[in-house]
Amino acid sequence: MSEINSKNNNTGKSPHEWFWLSESSEQTEKFGFLLGKLAKANDVISLDGDLGAGKTALTRGIAGGLGLTGYVNSPTFTILMEHRTDKSGRMPLFHFDAYRLADAEAFYEGGFDEYLGMGGLTVIEWGELIADALPELTLYIRIERTDYDKPDQRKFSLSWPGCPERLTRVKEKFEDESIGC
Amino acid sequence: MTDRKLILGIESSCDETAAAVVANGRDILSDIVASQADFHRQFGGVVPEIASRMHVEAILPVIDQALEQAKVKLTDIDAVAVTYGPGLVGALLVGLSAAKGLAYASGKPLVGVQHIAGHIAANYLADQELEPPFLCLVVSGAHSHLVIVRDYDEYEVIARTRDDAAGEAFDKLSRAVGLGYPGGPLMDKAAIGGRVDAFPLPRTHFDNSLDFSFSGLKTAALNQLNKLQQQAQREQKSWMDIISLQDFAATYQHAIVDVLTSHTMEAADQLNIKRLVLAGGVSANSALRRSMTLASADRGLMLTFPPLNLCTDNAAMIASAGYYTWKKRGTSDMSLNAVASLEL
């Protein structure tokens with residue numbers, strides 16, 4: 001069982017942060033699928049969490065939710081993997097890994113910011129490294145390990161400072177579809 | 001001699017700036033590589049902006065050197081072949097722009113080459129007798145593909161990674177255990193003589209697919225490392241006192257090599273292919289070479305792998321692939337652009 005906590009009052013950092021626990025990478029992908037279904041053109045998601053946290057697994061689910069059927073590989077090497085809608089999908093997915101981009105400036109220098117307004121969904125792994133380049137309406141997701149005796153469990157922390165109502169919508173759908181169970 | 005076609009190859013998709021001259025796709029007249037690996041080591045990986053700048057500085061001297069060493073002039077060249085993807089767009093554009101400029105100025109045809117096709121073609125340089133069809137395992141920092149090469153420049157990808165590439169799995173763990181970048185060669189060296197069963201690691205296989213997945217293996221190894229670090233902290237020692245770095249690296253490497261070998265052999269069995277080749281940076285890994293050699297011998301397969309200098313990124317392989325692409329599909333347009341996620 002996963003717990004769903006609404007922490008609307010007791011986090012100093014963000015007034016609307018939502019936590020839940022994933023028990024497996026399958027559950028993580030399922031959650032990604034929901035995020036993909038609810039995504040709108042030009043949305044940006046910043047994903048943070050250590051190596052092996054499940055950032056790419058979540059993105060695979062997101063791609064599925066967008067109706068994209070291609071492979072979702074880790075973009076660590078190429079910085080960006082573009083998933084176009086040539087074969088399938090209702091909007092493109094721009095899957096970034098900012099690990100090797102030193103800062104926001106490097107993101108701009110690479111011309112990567114142009115993708116943010118191209119009508120697709122942008123997912124940026126290690127988004128915190130280029131925090132200054134992220135738009136105001138970014139959805140922030142942090143994935144953390146909980147306990148090393150539970151190697152598959154992950155704590156998800158979500159905040160959407162520019163759009164708290166959309167985070168509430170995600171949470172409602174999450175409960176409707178019983179993804180947490 | 002009129003049949004002898006000289007191809008100038010240019011490669012700049014990642015951290016190597018390279019140029020080479022190859023005759024008829026088989027004979028290397030020159031093969032120049034300027035590597036940035038030493039530079040990127042301090043950052044734990046390739047930094048895209050720095051990579052582009054360093055490519056700009058290196059590209060023209062490298063091309064000059066390649067022509068000089070081959071004892072030819074640009075006017076002697078029959079075509080310019082260049083990698084246009086996959087890779088870092090900023091890095092690719094440096095080689096591509098140089099190639100276009102040279103082709104335009106000299107009136108020679110331009111041939112765009114897919115980087116993985118280049119890695120496969122490295123085997124045409126290594127083995128003069130090799131001809132398609134054959135099965136190729138392409139393993140590098142960015143790819144883990146099983147490819148049927150039906151004919152020159154005719155590929156069918158039958159399996160690929162669903163998450164991390166094999167080389168990436170090496171890089172990430174290498175960083176976690178403090179060995180640094182590039183992870184593959186450093187881990188290979190650290191693993192020499194180590195136990196391959198120091199701790200359990202999962203192998204991922206799929207039903208009805210030979211696709212690879214290294215993410216679960218990577219995460220399990222990271223979990224193991226974390227447990228060791230916690231235990232070491234309690235007992236006030238280093239985690240390497242519990243499992244040596246040598247055993248840790250050997251166990252991890254063995255699991256990756258095991259998956260690569262078993263899927264390749266299964267593909268060879270299923271397709272009844274007797275000719276097997278390895279390609280890409282990870283094919284330089286000594287454990288993989290050993291494992292593939294043994295498994296191939298068991299099954300009576302003939303195995304080729306390139307010499308170490310042709311496993312990693314180079315332009316001779318691009319010139320070779322370019323020769324066959326040119327023969328088969330003609331030249332590329334001057335509007336050829338860099339494509340980050342170009343498929344084979």
Side-chain angles (χ1 to χ4, degrees), chain A residues 24-26 28-29 49-60 63 70-84 86-87 92-103 105-112 114-115 126 129 143 145-154, chain B residues 13-14 40 43-53 85-93 140-144 157 160-165 167-169 171-173 175-176 181 211-231 339-343:
Chain A
S24 67
S25 61
E26 288 76 25
T28 294
E29 271 193 46
D50 284 339
L51 231 48
K55 299 184 290 296
T56 303
L58 183 74
T59 310
R60 184 170 306 117
Y71 284 67
V72 175
N73 291 347
S74 161
T76 302
F77 175 78
T78 49
I79 311 291
L80 164 64
M81 295 281 241
E82 290 181 39
H83 300 274
R84 299 276 177 176
D86 309 344
K87 288 175 202 144
L93 170 66
F94 305 120
H95 183 194
F96 283 91
D97 185 329
Y99 191 85
R100 291 180 293 134
L101 294 170
D103 49 26
E105 204 181 323
F107 187 74
Y108 292 125
E109 269 186 54
F112 293 128
E114 286 173 28
Y115 286 90
W126 298 97
L129 297 175
I143 314 173
R145 286 196 172 77
T146 49
D147 183 336
Y148 274 86
D149 294 328
K150 294 177 183 163
D152 296 327
Q153 193 179 67
R154 299 289 186 272
Chain B
S13 63
C14 186
H40 292 295
F43 299 102
V46 180
V47 184
E49 296 321 304
I50 298 175
S52 302
R53 257 174 270 154
L88 303 167
V89 169
L92 287 165
L93 280 172
S140 69
H143 314 99
S144 304
V157 179
R160 50 193 299 172
T161 180
R162 294 196 183 177
D163 37 58
D164 295 4
E168 195 176 332
D171 276 341
K172 285 181 172 168
L173 245 287
R175 197 157 66 210
Y181 171 88
D211 277 355
F212 300 105
S213 165
F214 296 107
S215 178
L217 210 162
K218 172 195 74 184
T219 304
L222 286 167
N223 285 338
Q224 177 70 30
L225 179 64
N226 221 282
K227 267 189 200 163
L228 287 171
Q229 283 167 339
Q230 284 178 350
Q231 186 191 341
V339 184
S341 322
L342 184 67
E343 297 284 335

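Below, each value reflects all heavy atoms present in this structure, side chains not excepted, and no hydrogens, waters or symmetry copies. In what follows, every chain begins at residue 1, and chains take the letters A, B, ... in the order their sequences are listed.
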Set of residues satisfying salt bridge (Lys or Arg N to Asp or Glu O under 4.0 Å) with respect to B/Glu343, sequence neighbours excluded =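 Counting only residues at least two positions away or on another chain, B/Glu343 forms a salt bridge (Lys or Arg N to Asp or Glu O under 4.0 Å) with B/Arg160.
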query = Looking at residues at least two apart in the chain, or sitting in another chain, which of them share a side chain to side chain donor-acceptor pair (under 3.5 Å) with A/Arg154?
reply = none
Any side-chain heavy-atom pair of [X] and [Y] under 4.5 Å:
| X | Y | answer |
| --- | --- | --- |
| B/Val339 | A/Glu82 | no |
| A/Thr76 | B/Lys172 | yes |
| A/Asn73 | B/Glu168 | no |

remark   = Residue set satisfying side chain to side chain contact (heavy atoms under 4.5 Å, CB included) with B/Leu225, at least two apart, ordered chain then number -> B/Ala176, B/Val177, B/Gln229, B/Trp239, B/Phe248
message = If I take atom CG from residue A/Leu51 and atom CG from residue B/Asp171, how far apart are they, to the nearest 0.5 angstrom?
response =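 Nearest 0.5 Å value for the CG-CG distance: 10.5 Å.
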query = Relative to chain B, which segment of A/Leu80 carries a heavy atom at a distance below 4.5 Å: side chain, backbone, both, or neither?
reply =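 It is the backbone, since no side chain atom gets that close.
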message = For A/Arg60, which atoms come within 4.5 Å of any heavy atom of chain B: side chain, backbone, both, or neither?
response = side chain
query = Can you name the residues of residues 211-221 of chain B that have some heavy atom under 4.5 Å away from a heavy atom in chain A?
reply = B/Asp211, B/Lys218, B/Thr219
key: Top contributor to chain A interface from B/Asp164, B/Leu222, B/Val89 [non-hydrogen pairs under 4.5 Å]   =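 The option with the most such pairs is B/Leu222.
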ask   = Is A/Glu105 atom CD crowded by more than 12 heavy atoms from other residues, nucleotides or ligands, each under 6.0 Å away?
value = no
